Amino acid sequence: MVNIEYDPEHVDAFIAMADAIEEAFPGVVVEGNPEGDGRPGSFEITTEDGVHIYSKLQAKTHPAEEDVVNRIANRAKLGPAAPAEDMCG
């Protein structure tokens, strides 16, 4: 599962990103705003094991779908035994 916290004003960007991730990784579910409305300006993408894939609050710009898909693919290659490190940088 991939979680995306997003500013409610960016619902269209969330839908596009969720579609791109779910298309690239069949069987992966993308959940939006799992803890209620997202923070203003947020577009924070994390894996179910807590790895931060992207942070708009940190980067100050929306992520490219291809970049996020590549980061998730790289995380998947590391496997579940890999340490949960921040991949935002």
Side-chain angles (χ1 to χ4, degrees):
M1 179 176 8
V2 173
N3 294 307
I4 301 178
E5 174 198 352
Y6 64 93
D7 183 325
E9 292 184 13
H10 302 295
V11 68
D12 292 337
F14 162 72
I15 292 169
M17 184 63 71
D19 287 348
I21 293 169
E22 290 175 346
E23 182 179 319
F25 305 100
V28 170
V29 175
V30 177
E31 185 173 315
N33 288 341
E35 297 179 12
D37 283 348
R39 294 170 285 174
S42 65
F43 205 87
E44 313 304 295
I45 304 173
T46 57
T47 60
E48 65 184 324
D49 60 353
V51 174
H52 292 90
I53 299 296
Y54 189 85
S55 172
K56 181 178 178 283
L57 294 174
Q58 186 177 39
K60 307 292 188 222
T61 186
H62 275 283
E65 294 167 12
E66 182 178 346
D67 181 43
V68 170
V69 166
N70 287 336
R71 288 178 187 213
I72 293 170
N74 288 338
R75 174 61 185 157
K77 288 178 189 174
L78 295 175
E85 295 179 8
D86 190 341
M87 296 181 73
C88 291

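All of these numbers come straight from a predicted model, not from anything done at the bench. In this chain, residues are counted from 1 in sequence order.
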I'd like to know if [Y] and [X] are part of one continuous hydrophobic network [Ile/Leu/Val/Met/Phe/Trp/Tyr, side-chain heavy atoms within less than 4.5 Å].
X   : Y   : answer
V28 : Y6  : yes
I15 : Y54 : yes
V68 : V30 : yes
M1  : V69 : no

Inset, instruction - Kindly compute the distance separating CG (N3) from CD (E44), expressed to the nearest 0.5 Å. - result: 12.0 Å

When you compare the side chain of [Y] with that of [X], does any pair of heavy atoms fall below 4.5 Å?
X   : Y   : answer
H52 : S55 : no
T46 : V51 : no
M17 : I4  : yes

Legend entry - Side-chain (N70) to main-chain (E66) donor-acceptor, under 3.5 angstrom: yes

Legend entry - Polar side-chain atom of E5 near backbone of R39 as donor-acceptor pair, under 3.5 Å: yes

Legend entry - V29 vs V2, side-chain contact (heavy atoms from CB on, under 4.5 Å): CA-CA, chis, key distance, verdict: CA-CA 6 Å; V29 175; V2 173; over 6 Å; no

Legend entry - D7 bridged to K56 by N-O distance under 4.0 Å: no

Legend entry - More than 12 heavy atoms of other groups within 6.0 Å of E22 CD: yes

Inset, instruction - Looking only at non-hydrogen atoms, find the nearest pair between P63 and I45 and report the distance. - result: CG-CD1, 4.3 Å

Legend entry - Closest approach of P8 to G38 (non-hydrogen atoms, all atoms of both residues): CD-O, 3.7 Å

